[in-house]
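Residues take their numbers from the sequence shown, with the count starting at 1.
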Amino acid sequence: MALKRIIPCLLLRDSGLVKTIKFKDSTYIGDPINAVKIFNEKEVDELVFLDIDATKDKKEPPYELIQDIATECFMPFCYGGGVKTIEQIRRLIASGTEKVAINSEAFYNPHFISEAANVFGSSTIVVSIDYKKNLFGKTSVYVSGGKKNTKKDPVAYAVEMEKLGAGELFVNSIERDGTMNGYDLEMIRKITDAVSIPVIACGGAGQLSDFRDAFQEGKASAASAGSLFVFQGKKRGVLISYPDPKEVKEIISN
């Protein structure tokens with residue numbers, strides 16, 4: 001069984017950190033290197049960095065920034081955003097990334113997942129699945145920064161990505177992003193029941209007990225959060241935080 005993890009998810013935009021609500025209304029958080037230094041001190045096990053404009057703007061991953069992050073970072077991290085070629089993955093790994101998250105290209109070119117897994121190993125390849133309900137109440141996978149409805153069922157899509165060679169799934173509820181109202185435990189559980197690879201739950205964490213719910217009720221291998229680790233109080237003042245090692249141990253062991 002994979003070790004349970006609590007993972008800060010940090011959103012990149014123009015070399016800075018931002019936080020969104022339902023994939024909109026971004027708030028500037030600060031410098032990613034400063035955040036990494038704080039997370040080092042907090043003894044975080046793993047980080048996820050997602051460039052939220054890379055696909056929309058057809059940009060290359062920010063290799064220099066990733067190198068700077070890797071130089072400062074004591075823990076392994078995953079990068080996602082605009083990844084669609086084997087050469088990009090090769091450069092990302094050379095820059096210090098341990099895992100690479102693929103979102104839009106997994107839908108537009110599913111064979112790319114198999115190719116990437118064959119070249120770099122499944123453990124390197126994470127498929128990011130963003131989903132929400134459409135106007136008619138049907139839950140579907142969305143790509144292109146949450147703009148395009150693929151009309152794919154999230155559970156069936158997760159199974160498809162596992163078969164293609166993904167080593168891990170990053171499952172993110174667009175409707176709960178930044179709301180801090182708790183995870184979509186029903187969807188997390190459906191996906192974890194359908195696949196055998198690790199599932200990272202994201203979208204909605206607002207308190208430490210939400211992580212425990214993701215592990216116990218959702219059966220997730222990892223729980224990721226953004227707002228909970230970068231905001232403080234009802235006015236959402238910026239303050240980078242993370243539970244201490246004792247709290248983490250209690251959450252993952254119960």
Side-chain angles (χ1 to χ4, degrees), residues 2 7 9 11-12 23 46-63 66 76-132 134 138-174 187-188 190-203 220-222 224:
I7 307 172
C9 179
L11 306 182
L12 297 172
F23 282 31
E46 188 174 343
L47 294 173
V48 171
F49 289 92
L50 302 177
D51 189 321
I52 60 176
D53 290 331
T55 296
K56 174 176 65 73
D57 297 339
K58 298 180 180 180
K59 299 189 302 184
E60 283 287 312
Y63 300 111
I66 291 166
F77 66 90
C78 173
Y79 168 83
V83 178
K84 56 185 179 180
T85 70
I86 293 297
E87 181 55 31
Q88 286 175 324
I89 297 176
R90 186 171 285 112
R91 286 189 65 182
L92 285 166
I93 293 171
S95 298
T97 301
E98 183 179 75
K99 299 178 185 178
V100 176
I102 301 166
N103 184 296
S104 297
E105 194 67 13
F107 169 70
Y108 291 116
N109 180 19
H111 175 69
F112 178 56
I113 300 302
S114 298
E115 183 183 9
N118 287 334
V119 173
F120 302 103
S122 291
S123 61
T124 302
I125 306 304
V126 179
V127 170
S128 173
I129 301 176
D130 300 326
Y131 70 91
K132 67 177 178 179
N134 63 19
K138 183 178 179 181
T139 303
S140 302
V141 175
Y142 281 69
V143 295
S144 301
K147 299 292 193 298
K148 177 178 176 58
N149 183 356
T150 69
K151 299 181 181 176
K152 292 266 191 177
D153 173 73
V155 179
Y157 189 71
V159 171
E160 178 186 354
M161 291 300 114
E162 179 182 29
K163 289 179 179 178
L164 288 169
E168 198 164 20
L169 301 174
F170 186 89
V171 179
N172 193 5
S173 168
I174 297 173
M187 179 59 71
I188 296 166
K190 286 180 179 179
I191 291 176
T192 56
D193 282 345
V195 301
S196 59
I197 57 177
V199 173
I200 304 171
C202 191
S221 298
S224 186

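Across every non-hydrogen atom of Thr55 and Ser104, the tightest pair is CG2-OG, 3.8 Å. The shortest non-hydrogen separation linking Ser144 to Asn103 is N-OD1, 4.4 Å. Shortest non-hydrogen contact noted between Val155 and Lys190 is CG2-CB, 3.8 Å. In terms of heavy atoms, Leu164 sits closest to Ser114 at O-OG, 2.8 Å.
In this structure, the side chains of Ser140 and Tyr131 stay at 4.5 Å or more apart for every pair of heavy atoms. Looking at heavy atoms from C-beta onward, Arg91 lies out of side-chain contact with Pro61 at the 4.5 angstrom threshold. Using a 4.5 Å cut-off on side-chain heavy atoms (C-beta onward), Phe170 and Cys9 make contact. With contacts defined as side-chain heavy-atom distances shorter than 4.5 Å, the pair Val195/Val159 qualifies. Under the 4.5 Å side-chain criterion, counting only non-hydrogen atoms from C-beta, Lys152 is in contact with Glu160. Residues Ile86 and Phe120 are in side-chain contact: their nearest non-hydrogen atoms beyond the backbone lie under 4.5 Å apart.
Atom NZ of Lys138 is surrounded by 12 or fewer heavy atoms from other residues, nucleotides or ligands within 6.0 Å.
The line from CD1 of Ile52 to CG of Asp57 is 10.0 Å long, rounded to the nearest 0.5 Å. Interatomic distance, Thr124 OG1 to Glu98 CD, rounded to the nearest 0.5 Å: 7.5 Å. For the atom pair OG1 of Thr85 and CD of Glu115, the computed distance is 9.5 Å after rounding to the nearest 0.5 Å.
A distance-only check finds no donor-acceptor pair linking the side chain of Asp130 to the backbone of Gly146 [under 3.5 Å]. In this structure, Ser224 contributes its side chain and Cys202 its backbone to no donor-acceptor pair below 3.5 Å. Judged by distance alone, with hydrogens and angles left aside, the side-chain atoms of Tyr157 form a donor-acceptor pair with the main-chain N or O of Phe107 at under 3.5 Å. Remark: the backbone N or O of Ala220 is not paired with any side-chain donor or acceptor of Thr192 at under 3.5 angstrom. For Ser123 (side chain) and Gly167 (main-chain N/O), no donor-acceptor pair under 3.5 Å exists by modelled atom type.
Figure legend: cation-pi geometry between Lys84 and Phe112 absent, as NZ or CZ is not positioned both under 6.0 Å from the six-membered ring centre and within 45° of its axis.
The residue from Thr150, Asn172, Asn134 that alone fulfils the side chain to side chain contact (heavy atoms under 4.5 Å, CB included) condition with Tyr142 is Asn134. The side chain to side chain contact (heavy atoms under 4.5 Å, CB included) with Glu168 is formed by just one residue from the set Ile200, Ile197, Val127; it is Ile200.
In this view, Phe77 and Phe49 satisfy the ring-ring contact (aromatic ring centres under 6.0 Å, His included) rule, not counting sequence neighbours.
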